[in-house]
Amino acid sequence: MPRISPAVARAAIVLCILAVWEITTHLSSASRILIAPPSEIFWQVVNILATTSNVPKFYPNAWITIQEFIGAFVITAALGVALGFLFASSKLIGDAFEPILLVLYAIPKVILYPLFVLMLGIGMVPKIIFGITVGIFVVIFNTSAAVRQIDPDYVKLAYSLGYGRLMTFFKIILPAAAPTILAGLRLGFGYTVIGVMAAELLVVTDGLGSLIDWASFNYYTPQLYGLIFITLTIGVAGNSLFSVLERRWVR
Amino acid sequence: MAIIEATSIRKSFFDAATGRETVILDNISISATENDFLILLGPSGSGKSTFLNIIAGLTPHNGAPGQVRVHGQPVLGPNPKLIAYMFQDSVLLPWRTVIKNIEFGLEAQPLSKEQRRKRALKYLDMVGLRDFADYYPRQLSGGMAQRVALCRALALETDIILMDEPFGALDEQSRIILGDELVQIWRKIRRTFVFVTHSLTEAVYLGERIAVFTARPGKIKTEIKNDLCRPRAIGSPEFNRMVDTLWAHLKEESITALNREKAGEDRIALPKE
């Protein structure tokens, strides 16, 4: 049997699905309002990006969403990692506050969003904060777990070699915890994106969410698919950034 | 002249569960001279590793009147300029290559990058692992990892190297081979080795002097001078005689330790430092 590389197999299955999708949409009697064939979605994406479609103000709206993604994730990452280290740094702090965190984690965050809008208005701020509340928990939990899982012998080794606290942190704790923290950041990014998009669709003002809502409301089905595809691509691009980082840092 | 001098060391802690004081080490006095190869031999749970940690300055003891002096100075904490410490596991950092792991030992000291590299290479040569300088720890066998750990300890160029059952996790053959290499290195660099083990064969094979610990609370039962000429042959009549002598001292202690383990009495949890 000839050897097939995973990449080829993956491409083949994706092409297969697209082909079946294309053919069935042409053959079936399903309404074009419900489903669009991949070829039409592709042209819509090209048109949207070239601003030759009827999608209004695509780039300003996309830029708003990207800013929200970045803002929400940067704060999620910085605050989440810092809190994770804090919880792992002392048993008292960890034992005292982690139960609270677990309760907050279990709450369906969506029910809080009207409150955010009430308090913060309808600009980017409530959407960013909502993204943070959805994404931050996994970052905190992964970071504190990463620090707790460090082999105590590593710390003892550094101590026996005359390392101070600061050097132990940078030369032992940080590199030893990095792979798990990075895995947490990757998940956190995914959740943050979900949070921001959910916020955009809950209270529609601007951003890609508002365009998706517009397309859906007007039955512009190919545009709707195109916009969904573009939004997904932004998320996937962010995610693949982590793959690059992981390959560089994690051995 | 004694380079290490431990006098009346006592280590105990208050066990909140039983409301009693648990004594780990009871009035231990021992010294080691320059170029000594001292073995601390004892049943499991006899506190020999704890004692090694106390000499290293990694674990506090009960304090006065007990005292550990190295070169006449009291030991108050770890001192990597005087004492190198080798763990039972290799404790190599998985994100660093072999040579970077050895350099890690020197990074807390005021040495330039080139000096660190030079020193690391010198001792990699000594343990015969120069070709593996750029390997990662996961690519090494247990025996090789332990050689790198030894190399990291040697590269500190301290007068004293303390070893806590460094070959305990290895198979018997690797254990003998590494022991052999260790003796050769010891003869070459003339430093003071203190080596914890519970293996009689290892003790007789390596040691110049063997201190036998009692079951908990650890005391020194006897100190035996081992003047078998090197290279020593495992299984030779004089080797076996020495093992028999040691066993005569150790047997009773091992039985006590074992019975205690059976009774579940030995499940003492040492408090974290």
Side-chain angles (χ1 to χ4, degrees), chain A residues 81 84-96 98 142-186 242-251, chain B residues 49 52-60 75-97 100-111 116 134-139 145 148-149 152-153 155-156 158 160-164 166 169 270 272-273:
Chain A
V81 171
F85 275 117
L86 183 70
F87 286 133
S89 68
S90 122
K91 197 170 150 38
L92 174 68
I93 297 174
D95 287 353
E98 228 151 18
N142 265 51
T143 304
S144 72
V147 175
R148 289 198 186 116
Q149 279 161 9
I150 293 173
D151 186 344
D153 271 355
Y154 291 167
V155 179
K156 190 177 169 189
L157 171 75
Y159 183 55
S160 80
L161 292 168
Y163 281 69
R165 276 176 154 257
L166 206 65
M167 265 183 81
T168 305
F169 179 80
F170 283 107
K171 296 209 168 192
I172 296 281
I173 308 286
L174 211 53
T180 313
I181 293 177
L182 213 57
L185 287 176
R186 179 202 276 271
F242 285 99
S243 303
V244 173
L245 284 180
E246 275 173 9
R247 231 167 306 157
R248 183 164 303 180
W249 286 347
V250 181
R251 296 178 188 278
Chain B
S49 292
L52 195 78
N53 278 285
I54 288 172
I55 302 177
L58 296 172
T59 301
V75 171
L76 303 170
N79 186 343
K81 288 201 174 65
L82 285 176
I83 298 173
Y85 183 92
M86 194 177 161
F87 293 73
Q88 179 165 5
D89 295 313
S90 59
V91 198
L92 298 178
L93 307 176
W95 59 90
R96 284 177 172 243
T97 58
K100 287 271 181 194
N101 262 289
I102 297 164
E103 289 175 13
F104 179 79
L106 301 167
E107 281 171 24
Q109 300 191 15
L111 293 170
R116 283 202 293 265
D134 295 323
Y135 279 52
Y136 280 92
R138 65 182 144 78
Q139 297 168 292
V148 176
R152 181 176 59 200
L156 292 173
T158 53
I160 299 163
I161 299 175
L162 308 178
M163 288 170 268
D164 185 10
L270 283 168
K272 292 261 178 209
E273 305 303 338

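Proteins get letters first, then strands, A, B, ... in listed order; numbering begins at 1 in each.
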> With distance as the sole criterion, is a donor-acceptor pair present between the side chains of A/E98 and A/S144 under 3.5 Å?
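A/E98 vs A/S144: donor-acceptor pair found between side chains.
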> For A/T180, does its backbone N or O pair with a side-chain atom of A/N142 as donor and acceptor, under 3.5 Å?
yes
> Given heavy-atom pairs under 4.5 angstrom as the criterion, report whether the side chain, backbone, both or neither of A/D153 touches chain B.
both
> Looking at B/I83, B/V91, B/L92, which one has more heavy-atom pairs under 4.5 Å with chain A than the rest?
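Greatest number of close heavy-atom pairs with chain A: B/V91.
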> Check each atom of B/E107 against the heavy atoms of chain A and say whether the ones under 4.5 Å are side chain, backbone, both or neither.
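Backbone plus side chain of B/E107, per the 4.5 Å heavy-atom cut-off to chain A.
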> On the 0 to 90° scale, with breaks at 30° and 60°, tag the B/W95-A/Y154 ring pair as parallel, tilted or perpendicular.
perpendicular
> With side-chain contact (heavy atoms from CB on, under 4.5 Å) as the test, pick out the partner of B/Y85 among B/I160, B/D164, B/T158.
B/D164
